[in-house]
Undergrad: 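Encoded as structure tokens, here's the structure I'll be asking about.
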Amino acid sequence: MESNQSRAGPGARFLYRIVKNESMKLDPPEIYGWRTFMMACSACFGGMLFGMDIGTIGGVLTLPEFMDKYGLTPLSKTARADLSANIASTLQAGCFLGCFIASWVADRWGRKIALVMNGMITCVGCIIQACSFGSIASMYVGRFVAGVGVGGASMVVPLYISENAPRGIRGGLTGIYQLFIATGTMLAFWVNYGAILHIHGAAVYIVPLAVQALPAILLVICMLLNKESPRFLAKQDRWDEATAVLSRMRALPPTHEYVQAELRDISEQLEHERILIGGSTLKDLLREMFTIPGNRKRALISIGLMVCQQMTGTNAINYYAPQIFKNLGIQGNSTNLFATGIYGVVKMVTCSAFLLFAADSLGRRRSLLWTSIAQGTAMLYIGLYVRIDPPVAGADVPPAGYVALVCIFLFAGFFQFGWGPVCWIYVSEIPTARLRSLNVAIAAATQWLFNFVVARATPNMLATVGRGGYGAFIIYSSFCYSMFFFVWFLIPETKGLSLEKMDDLFGVTELVKHIEEDREAHAPGTEIGFDGKEVASTQQKEVVPQKFN
């Protein structure tokens, strides 16, 4: 490691000080160059799409000008909560669809093209929202279209980064996605706050809705300057291009031992996958995902993590922070939005701290374990405060109320140290190469489905589940505590492992060895199924070894 540090640039030397895992000791320092970080930041504008939306819509829904224009003002409290939930959650419906469209595009034409396409779609959706001029139907259409782009980007961004990132800092780089979500949320909160202070009339909500398109524009521009994923190119048998891209990304010559070893690992994993299934239709991929025990476990873990991420209640606060602060005793739209802006700053700062000091040092599993308990405790206190000493309109906030407000900010920090970034890191790194796109698409779609559930249910919960909505906080607290046991029993540690070593961790490599041994014991041309029985005789395709030199 000492020799590595002597050859390292200033950026790599900084990483050696803060990231503690075996890969950092073994891998050449050249791979931690500026291109790696620019690649991750370019793609992560796709995360800012989501952050800008959730930060914008929560504030816009509380603006009197918006409520008057879109017919929310004369409605009862429950009816207003229903309509607000419909407007906020229409985006998730588009996101759910966008995950699967983007998965198909990413596998057919590449990760880069999929990200550019999703950025353009989001721009269209934002324009429709800003120009809906009081039409609820147009607002629904705009949010659905934007959702297709946002959801598609949410699926491709962690996929693209994990396939490009060096193993030693893959967690931190993939976690930048969550940092950009938090940054987008924070910027949107402050745009809302600035609009209410300095803009009047309909422009007070039109400007924030239009500004949502800014990260989409940046995503398109930046991705046009980036290269395609080397693992996608290898999967397409475009080995010369894959070698060139990997060499450029690692800042090493194509003949370097590290580049050659990474290409060999990619080639071996692709060959293992061909032995297991061979076909590439959706039916083949689903069969491979759910009939091979190691792949099935990875798919179910990915789904479980995304369900848990949403049931922490984080997006309940993101979407409806102004309303929640009001329920805790903060009065006035400008004050609510200011408190929400501070909440966004806390999320961004704590996420940055996690990526720098914990993602690839503390690891995935430990981060999830301790934040489960911490988040649950913060939510529990808020719920108990609202139940025991509910805020009174017009009265000063008592000391216990200020502690509850602090718990909102603590919850945000705890989430960014675990369940926020780690879920995206984990689901993008554990799948096998052929299934990575489909696995991440299913995980992202699950996230958006439960994001929809939370966005749709939270306003009603705050209005109906106990006075001040205290029951909502108790419910989310219970989910947080239960997640500790899910992680303790089911989630293995993956920090510092290459993507190709995930098959070893989940037992798929061992299965390949057994199948190869069975084939050697049978007549040539006989194919062995997953259960070890002979299936139809086939003419096995001859695999031509790849020459990387």
Side-chain angles (χ1 to χ4, degrees), residues 50 92 95-96 99-100 103 151 154-155 157-159 162 170-171 174-175 177-178 181 285-286 288-316 354 359 362-376 379 414-432 435-455 457 475-495 497 499 502-503 505-508:
F50 176 38
Q92 282 76 11
C95 289
F96 185 83
C99 290
F100 296 106
S103 176
S154 75
M155 174 260 142
V157 171
L159 174 69
S162 67
R170 187 179 60 247
T174 308
Y177 174 66
Q178 183 68 30
I181 293 177
L285 295 176
L286 288 171
E288 183 176 348
M289 178 176 285
F290 290 105
T291 58
I292 298 174
N295 290 342
R296 180 171 62 246
K297 181 178 180 181
R298 285 183 274 192
L300 294 177
I301 284 176
S302 299
I303 292 170
L305 284 173
M306 286 308 187
V307 172
C308 290
Q309 186 195 62
Q310 292 307 302
M311 299 316 293
T312 60
T314 181
N315 281 324
F354 169 78
L362 180 63
R364 289 51 154 162
R365 177 180 161 86
R366 288 180 180 176
S367 299
L368 293 175
L369 285 171
W370 80 265
T371 54
S372 299
I373 302 300
Q375 288 174 170
M379 279 286 194
F414 296 145
F415 181 79
Q416 298 301 338
F417 252 84
W419 286 94
V422 170
C423 292
W424 290 109
I425 295 168
Y426 208 88
V427 303
S428 64
E429 69 184 1
I430 61 172
T432 195
L435 299 178
R436 189 167 293 120
S437 176
L438 181 61
N439 190 96
V440 176
I442 291 173
T446 303
Q447 188 260 356
W448 287 114
L449 176 62
F450 281 83
N451 192 313
F452 171 84
V453 170
V454 170
I475 291 169
Y476 289 130
S477 172
S478 301
F479 277 116
C480 289
Y481 284 130
S482 66
M483 291 168 199
F484 176 90
F485 300 100
F486 170 71
V487 176
W488 182 267
F489 290 108
L490 296 176
I491 306 299
E493 184 55 72
T494 58
K495 71 170 182 177
L497 296 178
L499 294 182
M502 298 300 171
D503 283 353
L505 182 64
F506 288 93
V508 174

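Just the heavy atoms: all of them, side chains too, but no hydrogens, waters or symmetry mates, feed the values below.
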Undergrad: In the structure I gave you, are the side-chain heavy atoms of L369 and F484 within less than 4.5 Å of one another anywhere?
TA: yes

Undergrad: Run the numbers on I442 and M289 for side-chain contact (heavy atoms from CB on, under 4.5 Å), then give the verdict.
TA: CA-CA 11 Å; I442 291 173; M289 178 176 285; 3.8 Å; yes

Undergrad: Check the pair Q310 / V453 against side-chain contact (heavy atoms from CB on, under 4.5 Å), numbers first and verdict last.
TA: CA-CA 9 Å; Q310 292 307 302; V453 170; over 6 Å; no

Undergrad: So, taking the atom named CG in L438 and the one named CG in L159, what distance separates them when rounded to the nearest 0.5 Å?
TA: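 Nearest 0.5 Å value for the CG-CG distance: 11.0 Å.
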
Undergrad: Could you check whether the rings of F100 and F96 sit parallel, tilted or perpendicular, using 30° and 60° as the cut-offs?
TA: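 Taking F96 first and then F100, their aromatic rings stand perpendicular (interplane angle over 60°).
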
Undergrad: Could you give the distance from CG (L490) to CG (L300), rounded to the nearest 0.5 Å?
TA: 9.5 Å

Undergrad: Which atom pair, heavy atoms only, marks the closest approach of S162 to R436?
TA: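 Answer, listing the atom of S162 first, then R436: OG-CD, 4.0 Å.
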
Undergrad: Output the distance between atom OH (Y177) and atom OG (S428), rounded to the nearest 0.5 Å.
TA: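 Y177 OH to S428 OG: 10.5 Å, rounded to 0.5 Å.
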
Undergrad: Decide if atom CZ of F485 counts as having more than 12 heavy atoms of other residues, nucleotides or ligands within a radius under 6.0 Å.
TA: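 For F485, atom CZ is not crowded (no more than 12 foreign heavy atoms under 6.0 Å).
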
Undergrad: Atom CD1 in I181, atom CD in Q416: separation rounded to 0.5 Å?
TA: 8.5 Å

Undergrad: Excluding sequence neighbours, so at least two apart, what forms salt bridge (Lys or Arg N to Asp or Glu O under 4.0 Å) with R170?
TA: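 For R170, the residues satisfying salt bridge (Lys or Arg N to Asp or Glu O under 4.0 Å) (neighbours in sequence not counted) are E429.
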
Undergrad: Given T312 and Y476, is the side-chain contact (heavy atoms from CB on, under 4.5 Å) satisfied, shown in steps?
TA: CA-CA 6 Å; T312 60; Y476 289 130; over 6 Å; no

Undergrad: Might you point out which heavy atoms bring I491 and R365 nearest each other, and give the distance in Å?
TA: O-NH1, 2.9 Å

Undergrad: In Å and rounded to the nearest 0.5 Å, what is the CD to OG1 distance from Q375 to T314?
TA: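 Separation between the atoms: 7.5 Å.
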
Undergrad: Residues in side-chain hydrogen bond (donor to acceptor under 3.5 Å, both in side chains) with S302, at least two apart?
TA: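 Expected list: N439.
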
Undergrad: Under the rule for side-chain hydrogen bond (donor to acceptor under 3.5 Å, both in side chains), what residues qualify as partners of S367, not counting sequence neighbours?
TA: none

Undergrad: For the pair E493 (side chain) and R364 (backbone), establish whether a donor and an acceptor sit closer than 3.5 Å, ignoring hydrogens and angles.
TA: yes

Undergrad: How about F450 and C308: do any of their side-chain heavy atoms sit closer than 4.5 Å?
TA: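 Answer no - side chains too far apart.
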
Undergrad: List the atom of V440, the atom of V427, and the distance in Å for their closest heavy-atom pair.
TA: CG2-O, 3.6 Å

Undergrad: Side chains of Q309 and W424: closer than 4.5 Å at any heavy-atom pair?
TA: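 In short, these two side chains touch, coming nearer than 4.5 Å.
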
Undergrad: One pair to check against side-chain contact (heavy atoms from CB on, under 4.5 Å): M311 and S482. What are the steps and the verdict?
TA: CA-CA 10 Å; M311 299 316 293; S482 66; over 6 Å; no

Undergrad: Could you give the distance from CZ (R298) to CG (L435), rounded to the nearest 0.5 Å?
TA: 7.5 Å

Undergrad: Less than 4.5 Å apart, side chain to side chain, heavy atoms only: is that true for C95 and F452?
TA: no

Undergrad: Are side-chain heavy atoms of F486 and V307 found at a separation under 4.5 Å?
TA: no

Undergrad: Considering residues at least two apart in sequence or located in another chain, which fulfil the side-chain hydrogen bond (donor to acceptor under 3.5 Å, both in side chains) criterion with S154?
TA: W448

Undergrad: Could you tell me whether the side chain of V157 reaches within less than 4.5 Å of the side chain of F50, counting heavy atoms only?
TA: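 With C-beta onward as the side chain, the pair stays apart.
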
Undergrad: Can you pull the salt bridge (Lys or Arg N to Asp or Glu O under 4.0 Å) pairs that have at least one residue in residues 299-309, sequence neighbours excluded?
TA: none

Undergrad: Does some side-chain heavy atom of W419 sit less than 4.5 Å from a side-chain heavy atom of L368?
TA: yes

Undergrad: Using side-chain hydrogen bond (donor to acceptor under 3.5 Å, both in side chains) as the criterion, list what pairs up with S103, not counting sequence neighbours.
TA: S437

